[in-house]
Peer 1: 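I'd like to ask some things about the structure below.
As the structure is a computational prediction, the values presented were derived from the model and not from experiment. All values below were derived from every heavy atom in this structure, side-chain atoms included, with hydrogens, water molecules and symmetry-related copies excluded.
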2 protein chains.
Amino acid sequence: MRPKKIPESTIKRLSIYLRELKSLSNEQIKFVSSQELSERLGFSAAQIRKDLSYFGQFGRVGVGYSVEELKDIIEGLLGVNRKAWKVAIVGAGKLGSALASYSGFSNRGFAIEACFDNDPKKVGTFLGSVKVENSDKIPTVLRKKEIKIGMIAVPKDYAQKVAQELLKGGVKSILNFAPVKISIGKSVHVRDVDLSTELEGLAFYLSRE
Amino acid sequence: MRPKKIPESTIKRLSIYLRELKSLSNEQIKFVSSQELSERLGFSAAQIRKDLSYFGQFGRVGVGYSVEELKDIIEGLLGVNRKAWKVAIVGAGKLGSALASYSGFSNRGFAIEACFDNDPKKVGTFLGSVKVENSDKIPTVLRKKEIKIGMIAVPKDYAQKVAQELLKGGVKSILNFAPVKISIGKSVHVRDVDLSTELEGLAFYLSRE
DNA sequence: TCTTGTGAAGTTATTCACAGCG
DNA sequence: CGCTGTGAATAACTTCACAAGA
């Protein structure tokens, strides 16, 4: 089963399953069925089972899944069980600052290890515990610290250039908050989060009621 | 063609088309073909044409689409051409503040009109130009101001309660940044943005290289 | 020629439904 | 019995490919 193609949507859900399993673990719940997960998360039970089946057989017939075991398995799949992934943020504006101090990341296996801005007034200041460095240092700092994930939180006209610098620094994944498409070789995974696009999607439904 | 079911994914792309059309408009470009849009956005030309065809026939054979005209049409479809949609933010922490001052929203037809927090120390302070009010005022303020969109930027344990208050206030759409599933009647559209989930998705690919 | 709009075909994702096992 | 795991069926989405218009 392992070497089969895994839908992108399955990966996104894995992360949500993990989130819920951590809650269940906190609630001291030991076992959970796909049906129960379904009710808590709003995905169908069949989908949950199918998603998990891409990776192996983790359930116990008649019982369900061991919360702790499944949690560990998904953490392993996502690679968030070992040492925290190092992340760099480019852009120390409002959004960059909010990202830098967002506790959700450290709780989930990510550590902000570097931060950059091209504004001399911001260079040298601190975002949380990380000192802001000049953007021209991106490639060297990233290589030195072996950072593989970058977040882009700069105005849209700079985003493409920043992405190229991240690439030079050896980054393998980019979370892009700038409202533009990043064009970059497919050695790098790019995921876009455009907050206005999300709102516009909601507005579409609103405006036809 | 109008009363046919429109894929969710088409809606998301509409917003991205609009974003690009605004750029093209700034660049004084008058016409654009699906092929050109395809190259700029990374979706296939056929997909762009098909997406647009759900709503009507906007192109000119042999020429492409009028940038201004298509921009206006998509703005109309998304309902972002008329008076700005009013938005409320609940949670005046780091993320809430960043959202409140994010210029991307006002540029794209959304206006932050109310902001709430349950921390008395925050009530009365200003987020941008909006005064923070106590969360127990959510239903009344929202009804008075006729706000139909809410953003949840509170810790996860409060998110569900906040959603219910938003519902009482007559909200029709929610953009939820808290890392929990919101359970609410389907009279309300909920879209979740979990930043850690996005990062975990990237980590999945990283950890198998 | 170039380009749209669109049925048809192809692909991908989700749900069904049930065998098999505890 | 209850529940998983999964092939088969269905649904959803994307791409193909081409007629027709400028």
Peer 1: Rounded to whole Å, please give me the gap between CG in A/Leu52 and P in D/dC3.
Peer 2: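 One finds 16 Å between P of D/dC3 and CG of A/Leu52, rounded.
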Peer 1: Rounded to whole angstroms, how far apart are CZ on B/Arg60 and C1' on D/dA22?
Peer 2: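 Rounded to the whole Å, the gap is 9 Å.
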Peer 1: Find the distance B/Glu39:CD to C/dC2:P and express it as a whole number of Å.
Peer 2: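 Distance, rounded to whole Å: 14 Å.
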Peer 1: Only pairs under 3.5 Å count here: list side-chain donor-acceptor contacts from residues 20-30 of chain A, not counting sequence neighbours, and write none if there are none.
Peer 2:
residue: A/Glu20; atom: OE2; partner: A/Arg40; partner atom: NH1; Å: 2.6
residue: A/Ser25; atom: OG; partner: A/Glu68; partner atom: OE2; Å: 2.6
residue: A/Glu27; atom: OE1; partner: A/Arg40; partner atom: NH2; Å: 3.0

Peer 1: Within a strict 4.5 Å, meaning less than it, do heavy atoms of the A/Phe55 and A/Thr10 side chains meet?
Peer 2: yes
Peer 1: Check whether any side-chain heavy atom of B/Asp72 sits under 4.5 Å from a side-chain heavy atom of B/Phe58, and report yes or no.
Peer 2: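 Contact flag for B/Asp72/B/Phe58 side chains = no.
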Peer 1: Would you kindly give the CZ-to-P distance between B/Phe58 and D/dA22, to the nearest whole Å?
Peer 2: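 B/Phe58 atom CZ is separated from D/dA22 atom P by 18 Å.
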Peer 1: If the condition is salt bridge (Lys or Arg N to Asp or Glu O under 4.0 Å), which residues does A/Arg49 pass it with, not counting sequence neighbours?
Peer 2: none
Peer 1: Please give me every residue in residues 41-48 of chain A whose heavy atoms get under 4.0 Å of an atom in DNA chain C, ordered by residue number.
Peer 2: A/Ser44, A/Ala46, A/Gln47
Peer 1: Tell me whether the side-chain N/O atoms of B/Tyr65 come closer than 4.0 Å to OP1 or OP2 in C/dG5.
Peer 2: yes
Peer 1: Would you mind reading off the distance between B/Asp51 atom CG and D/dA12 atom C1', rounded to a whole angstrom?
Peer 2: 13 Å
Peer 1: How many whole angstroms separate atom NZ of A/Lys5 from atom C1' of C/dA13?
Peer 2: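 Taking NZ of A/Lys5 and C1' of C/dA13, I get 9 Å after rounding.
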Peer 1: Going by the rule salt bridge (Lys or Arg N to Asp or Glu O under 4.0 Å), which residues pair with B/Arg191 if we only count those two or more places apart in sequence or in a different chain?
Peer 2: A/Glu198, B/Glu8
Peer 1: Can you work out whether A/Lys50 or A/Gly64 has the more 5'-proximal nearest nucleotide on DNA chain D?
Peer 2: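 On the 5' side of the pair lies A/Gly64.
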Peer 1: Please list, in numerical order, the residues of residues 9-31 of chain B that have a heavy atom closer than 4.0 Å to any atom of DNA chain D.
Peer 2: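 Only B/Ser9, B/Arg13 qualify.
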Peer 1: Let me have the donor-acceptor pairs involving side chains of residues 168-177 of chain A, under 3.5 Å, with sequence neighbours excluded, atom names and distances please.
Peer 2:
residue: A/Lys168; atom: NZ; partner: A/Glu165; partner atom: OE2; Å: 3.0
residue: A/Asn176; atom: OD1; partner: A/Ala178; partner atom: N; Å: 2.9
residue: A/Asn176; atom: ND2; partner: A/Ala178; partner atom: O; Å: 3.1
residue: A/Asn176; atom: ND2; partner: A/Val180; partner atom: O; Å: 3.1
residue: A/Asn176; atom: ND2; partner: A/Asp192; partner atom: OD1; Å: 2.9

Peer 1: Which whole-number value in Å describes the distance from B/Leu70 CG to C/dT3 P?
Peer 2: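 Answer to the nearest Å: 16 Å.
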Peer 1: Show which side-chain atoms of residues 90-105 of chain A pair as donor or acceptor with protein atoms under 3.5 Å away, not counting sequence neighbours.
Peer 2:
residue: A/Ser97; atom: OG; partner: A/Gly93; partner atom: O; Å: 2.5
residue: A/Ser101; atom: OG; partner: A/Ser97; partner atom: O; Å: 3.0
residue: A/Ser101; atom: OG; partner: A/Ala98; partner atom: O; Å: 3.4

Peer 1: Who are the salt bridge (Lys or Arg N to Asp or Glu O under 4.0 Å) partners of A/Glu36, not counting sequence neighbours?
Peer 2: none
Peer 1: Between D/dG2 atom P and A/Glu36 atom CD, what is the distance in whole Å?
Peer 2: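 Computing the A/Glu36:CD to D/dG2:P distance gives 13 Å.
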Peer 1: Show me the pairs that pass ring-ring contact (aromatic ring centres under 6.0 Å, His included) and involve residues 24-50 of chain B, at least two apart or across chains.
Peer 2: none
Peer 1: Suppose we screen for ring pair (Phe, Tyr, Trp, His ring centres under 6.0 Å). Which residues come up paired with A/Tyr205, at least two apart in sequence or across chains?
Peer 2: B/His189
Peer 1: Return no unless some side-chain N or O of B/Gln57 is found under 4.0 Å from OP1 or OP2 of C/dT6.
Peer 2: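 It does, given that an N or O in the side chain of B/Gln57 lies less than 4.0 Å from OP1 or OP2 of C/dT6.
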Peer 1: Quick test of your reading: applying side-chain hydrogen bond (donor to acceptor under 3.5 Å, both in side chains), list the pairs with at least one residue in residues 138-160 of chain B, sequence neighbours left out, ordered by first then second residue.
Peer 2: none
Peer 1: Detail all sub-3.5 Å separations between protein N/O atoms and N/O atoms belonging to nucleotides 18-20 of chain C.
Peer 2:
none

